[in-house]
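Single-structure report; data block below.
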Protein chains: 2
Amino acid sequence: MASEIWGERWASSTSDIARRYMEVASRKQSLVCLAADRRTMAGLFELIDSVGPYLAALKTHVDLVDDWTPESWSDFCEKARDADLLIFEDRKFADIGKISRDQMAGVYDIRSWSDLVTAHLISGPDIVDGLQSGWDDVGRSGGVLLLAQMSSRGNLLNPNYTDEVVAKGKSHPGVFGFIGNGSSPEELIELRLKVGSEKLIWTPGVNLVVGDGEMGQRYGHPRDAVLAGSDCIIVGSGIHRSDNPTESAKEYAQSSWNALLERES
Amino acid sequence: MASEIWGERWASSTSDIARRYMEVASRKQSLVCLAADRRTMAGLFELIDSVGPYLAALKTHVDLVDDWTPESWSDFCEKARDADLLIFEDRKFADIGKISRDQMAGVYDIRSWSDLVTAHLISGPDIVDGLQSGWDDVGRSGGVLLLAQMSSRGNLLNPNYTDEVVAKGKSHPGVFGFIGNGSSPEELIELRLKVGSEKLIWTPGVNLVVGDGEMGQRYGHPRDAVLAGSDCIIVGSGIHRSDNPTESAKEYAQSSWNALLERES
C-alpha cells in the first residue's frame, strides 16, 4: 500500500528506515511529526495518549526534560513504539565525527532509542559517519536528517550552503533526508529540485494558522509544504498549545495526508 | 598584572568573563584549555589531578560521559574551581534561541556550572540571547564562543560564513569570542583582522607535533597560533595521550605563555 501511495519516493528509496517511515505514515494516514517540546516526563506521556494515533513520528529534545530518568525515558520510548511512532531526536549534532559518535552515548544514550536524529553539516560530512557509528556501536540502525534550510530569523543557511549540504548528503546512505523550510513553499520547491526524488524532506515551521511565532519562528501551511515536496510536517504549538490537541492533530493528519494523495495522484 | 600582559585585549574588553579568563591565564602563566574528552568520571578527575596546575580552562563534553551522575559532576566542577580553572562546555549549541535556552537546563543543567559554551551561529543570532537567558534563569553569567572557523575535513565554514559570524557576533555583549582554526596561522591572522582587538579567539587544532589526527582533524603549532592572534589554545590528545601528561601540559603552557609575551611585547 505504501508503495502505491508514495510513488517515485518509494520506488527510488534505498533506505530501510525511509521505507519504514513511509509505511508508518501510510498505516496512520498522517505525515505529522509532533515536536514534543515538553520539559516534564508527565507532559510527554500525555502527548502520546492524546495525539499518538494521529502521528507518524515524535520529535524529542531529550536534553530539555528536567525530570528525565533512564527508566521513565525507556517507558516513554516503549509507549511511542506501541503507538507505532518513529522516535526522532532533534539533537542538531554539529561536532566532528569522532565526538558526535560519542555524543550518541553518554547518559541519554541517544543511539539506543532514536530512529532519526538531526545534524548540521557545518563541521563536515564525517559527522554522518560518526552518527552511524554510534548506532552501529549498539547494533541498531537509524537515519540522519541534515539541516538544509531553516526559517529562523537571521539563519546562515543561504542557497549556497543548502547546495553544499544537498550535494554532500544526497548520495550518502546514512542520510535519511533533509530538513527544509516549511514556512516557504518557494524555497521547498527549490530544495526538492536539488534533492531529487530519493531522499525525504521533513519540514518544521508549519501551522494551520500561518504567521509569526516566538523568538524568530515563522509558519507556513501544511498543505502547501507537502505539495511543494515535503514528506513530513513537523508540528509543535499548532497541536500541543491548541484548545483541543486531539482534534488539532487529526486536522494536521488529514491536511498532510490529503496533500500527499493530491501530490502523488 | 593581567592588564599589563594582555595589552589592548584587556584594555578594550567589556566583558567580565573575558577579563576573568585573562586573569586566570596570567595567574597560571598558561593559555591552555584542556579538551577533557574522557568518557568516565574517574578519567576526568585524573586529568585535573595530573595537569590542572598548567591549565587556564577545562573543555568538557558532559554528554559523552557514560557514568555521569549529578553528584559526581558537581564534585568535578568544584575540583575544577579549586584548581582555578574556567569550565567550558563544548556543546556546539545549534538550535533556535528558545530551544537553546531550554537545552541549558535538563538533566545536565549546563547553565548551572559552565562559564563558557560553544555555539554555531547557523540557526541565527537569537541563539546567543537564548543561551544568555539560560544563565540568567539561574542567576549566573557566562560567555558564548561562536564557531567562526574549523579545521575538520570538508567543513562549511568558508570565509563568507566566517564574515557573517564575526559581523553578527563582534558587537554582541553575550559573545565572549570566537573559535578559530588553530591549524592555520594564515586563517587565524585573517580572523583576527576581522574580529578586531576586543573579543577573544580560542583555537583547537594545535599540537606541539603537527600533522593529521583521527577522523579529519589536523594540527598546527601552539606558538604559531598565539602569534597569529589566538588567546587560548585548546589541546586534547597532545596532553592526555602523551606518555607524560604533566610534562606535556607544562610544555604547552610555556609555549603558549611565551608566545603571548612575545606577541604583546
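Since the structure is predicted, the reported quantities are computational estimates derived from the model, not experimental observations. Chain letters run A, B, ... following the sequence lines, proteins first and then strands; every chain starts at 1.
Counting only distance, with no hydrogens or angles, the side chain of S114(B) and the backbone of V117(B) share no donor-acceptor pair below 3.5 Å. Counting only distance, with no hydrogens or angles, the side chain of E164(A) and the backbone of P159(A) share no donor-acceptor pair below 3.5 Å. In this structure a side-chain-to-backbone donor-acceptor pair under 3.5 Å is missing from H61(A) to E89(A).
Every ring pair (Phe, Tyr, Trp, His ring centres under 6.0 Å) that W113(A) has, sequence neighbours left out, goes to W73(A). For D75(B), there are no salt bridge (Lys or Arg N to Asp or Glu O under 4.0 Å) partners two or more places apart in sequence or in a different chain.
At a 4.5 Å heavy-atom cutoff, the contact between V107(B) and chain A is made by backbone and side-chain atoms alike. In this structure, the portion of D37(B) lying under 4.5 Å from any heavy atom of chain A is its side chain and not its backbone. If you measure heavy-atom distances from I99(B) to chain A, the contacts under 4.5 Å come from both the backbone and the side chain.
The contact list for residues 165-183 of chain B toward chain A, using heavy atoms and a distance under 4.5 Å, reads V165(B), K168(B) by residue number.
Of the listed residues L157(B), I127(B), L156(B), L64(B), the one with more heavy-atom pairs under 4.5 angstrom with chain A than any other is L156(B). Chosen from L147(B), V65(B), I122(B), D109(B), the residue pairing most often with chain A at heavy-atom distances under 4.5 Å is I122(B). Interface remark: of the candidates S123(A), G154(A), G124(A), S123(A) forms the most heavy-atom pairs closer than 4.5 Å to chain B.
Distance CG/L145(B) to NZ/K199(B): 10.5 Å, rounded to 0.5 Å.
Within the structure, salt bridge (charged side-chain N to carboxylate O under 4.0 Å, His left out) contacts touching residues 58-73 of chain B (residues at least two apart or in different chains) are R91(A)-D63(B), R39(B)-D66(B), K59(B)-D90(B).
Using a 4.0 Å cut-off between charged side-chain N and carboxylate O, R140(A) and D115(A) make a salt bridge.
The heavy-atom pair separating R38(B) from G43(B) by the smallest distance is NH1-O, 3.4 Å.
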